[in-house]
Amino acid sequence: MDKLLGEVDPQIVEIAAKDLKRQQDALMLIPSENYASRAVMEIQGSILANKYAEGYPGERYYNGCQFMDEVESVAIERAKALFGVEHVNVQPHAGSQANMAVYHALLEPGDTILAMSLSHGGHLTHGDKVNFSGRYYNVAAYGVDSETERIDMAAVSRLATEHRPKLIVVGATAYPRHFDFAAWREVADAVGAYLLADIAHIAGLIAGGVHPDPVPYCDVITTTTHKTLRGPRGAMIMCKSEYADQIDRAVFPGLQGGPFLHTIAARAVAFKEASQPDFKTYQAQVVKNAKALAARLIENGFRLVSGGTDNHLMLMDLTSKYEKLSGRQAADHLEDAGIIVNKNTIPFDKRKPRTTSGIRLGTPMITTRGMKEDEMVLVADFMTEALENRQKSAIKRQIREKVKTLCSQFPIYEYLNY
Ligand SMILES: *Cc1c(COP(=O)(O)O)cnc(C)c1O
């Protein structure tokens, strides 16, 4: 039982070592990812994973849970303080499960939700056809305006009046602009709907004070903990006290069994980190970097959806510069040059979701490494050079070397010895 991992399973160690090198040597621009801290990772791989603790602190279905109660209570109290909310459930295993639990708590199958369509930046769990949410609920979808490529609240209000949703979901996975939660509250009140904010992407920005706060306006808020919040993979649900019992019962026993206490402990560590002053500095830098990256890409001749960004991410429309290049091909060419992005549909995309006309970029990871505005100019120029020379493997290889040199000045996880 006490053998080292390297003795027990060199094969898996070797794979992890290869991915460490990948994470070190390339520019990670996927906006939903981040580098969790050593502290977060240490407790995640701990003995706290060994315990069953179905239920909630003080009311478990298993014995021996006193320290599980302690760790979950610490996580809850820290999350409440960090976001200024009345109630938190820290048990959802991931963002999708958190949204599922909210629907399970507040809706009956067949009820109507109004949420952002996947093709305009919404998440699968916002009612997409292939997802449980599209299968069990009646979905009305809003998108962005074709001119401004921003959400038009007057159009949302018209849709709400037409469809009378029981729940309105505000939030997205690929929307580069702020959400005006006060305006969403007005729409929800006008039709008597619950208002759910899904802040999976922007939770860190909100905790860091660089995005408008949903808490005063929303009945329920879901978030992942591993995106801009920079914690372990996982999620949580925040709500007003009046929904606390419904939400808790929907998570357990409604959808899940035993909570993952090791990741709940890691969430607690991440919430502590997020309450420190340097977290605010980090989030402000994430946004500054996104603006700098966007500005340079525009200077280099690319079109960004809605003309830029207010948050940590941007959507690049490739069609304006390269008619024939799809998002999928662009992402592969960039990977050849050591730049990792993901293909993404742009609003009103003429290509399919597997091909797309856009790519999605974000700054959370490169900012965690310590990069600032000057490096964003380099990153934008590397991307531009790689796409201009996409048919020339030798040039892409040269850029990959330059990327590697830049990355070597911003090392990650230096303590790891595999
Ligand atoms: C990432 C994301 C989720 C789901 O998160 P998973 O942890 O991958 O299930 C839900 N909603 C939004 C808006 C997201 O961006």
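Whatever order the structure lists them in is the order used to number ligands and atoms, beginning at 1. All values below come from the heavy atoms of this structure, side chains included, with hydrogens, waters and symmetry mates left out.
We find that R60 and D69 are joined by a salt bridge, their nearest charged nitrogen and carboxylate oxygen being less than 4.0 Å apart. The existence of a salt bridge linking K166 and D111 is confirmed by a sub-4.0 Å separation between a basic side-chain nitrogen and an acidic carboxylate oxygen. A salt bridge links R296 and E299; the closest N-O separation between the charged side-chain nitrogens and carboxylate oxygens is under 4.0 Å. Under a 4.0 Å N-O distance rule, the pair D189/R185 qualifies as a salt bridge.
Within the listing of ligand 1, atoms 15 (O) sit less than 4.0 angstrom from a heavy atom of H201. Shown in contact with A172 at under 4.0 Å from a heavy atom are these atoms of ligand 1, numbered in order with element: 13 (C). The distance from ligand 1 to the heavy atoms of D198 drops below 4.0 Å at these ligand atoms: 10 (C), 11 (N), 12 (C), 13 (C). Heavy-atom proximity to A94, at under 4.0 Å, picks out these atoms of ligand 1: 7 (O), 9 (O). Heavy-atom proximity to H226, at under 4.0 Å, picks out these atoms of ligand 1: 7 (O). If you number the atoms of ligand 1 from 1 as listed, the ones under 4.0 Å from a heavy atom of T224 come out as 5 (O), 7 (O).
Surrounding CZ of F410 are more than 12 heavy atoms belonging to other residues, nucleotides or ligands, all under 6.0 Å away. A 6.0 Å sphere centred on NZ of K240 holds more than 12 heavy atoms belonging to other residues, nucleotides or ligands.
For atom 6 (P) of ligand 1, the closest heavy atom belonging to the protein is G95 N, 3.5 Å.
By the criterion of a heavy-atom distance under 4.0 Å, neither the backbone nor the side chain of A235 is placed next to ligand 1.
Inside a 4.0 Å radius of atom 8 (O) of ligand 1 there is not any protein heavy atom.
Aromatic ring pairs are classed by plane angle as parallel below 30°, tilted from 30° to 60° and perpendicular above 60°; the pair H211 and F179 is tilted.
At least one side-chain heavy atom of T355 sits under 4.5 Å from a side-chain heavy atom of K352. Contact annotation: the side chain of L318 approaches that of L387 to within less than 4.5 Å [non-hydrogen atoms, C-beta and beyond].
Ligand 1 has an N or O atom lying under 3.5 Å from an N or O atom of T173, backbone or side chain. Not one N or O of Q97 is nearer than 3.5 Å to an N or O of ligand 1, by distance alone.
The shortest heavy-atom distance from S32 to ligand 1 is not under 4.0 Å.
Here atom 15 (O) of ligand 1 lies nearest to K227 when heavy atoms of H123, K227, R233, M100 are compared.
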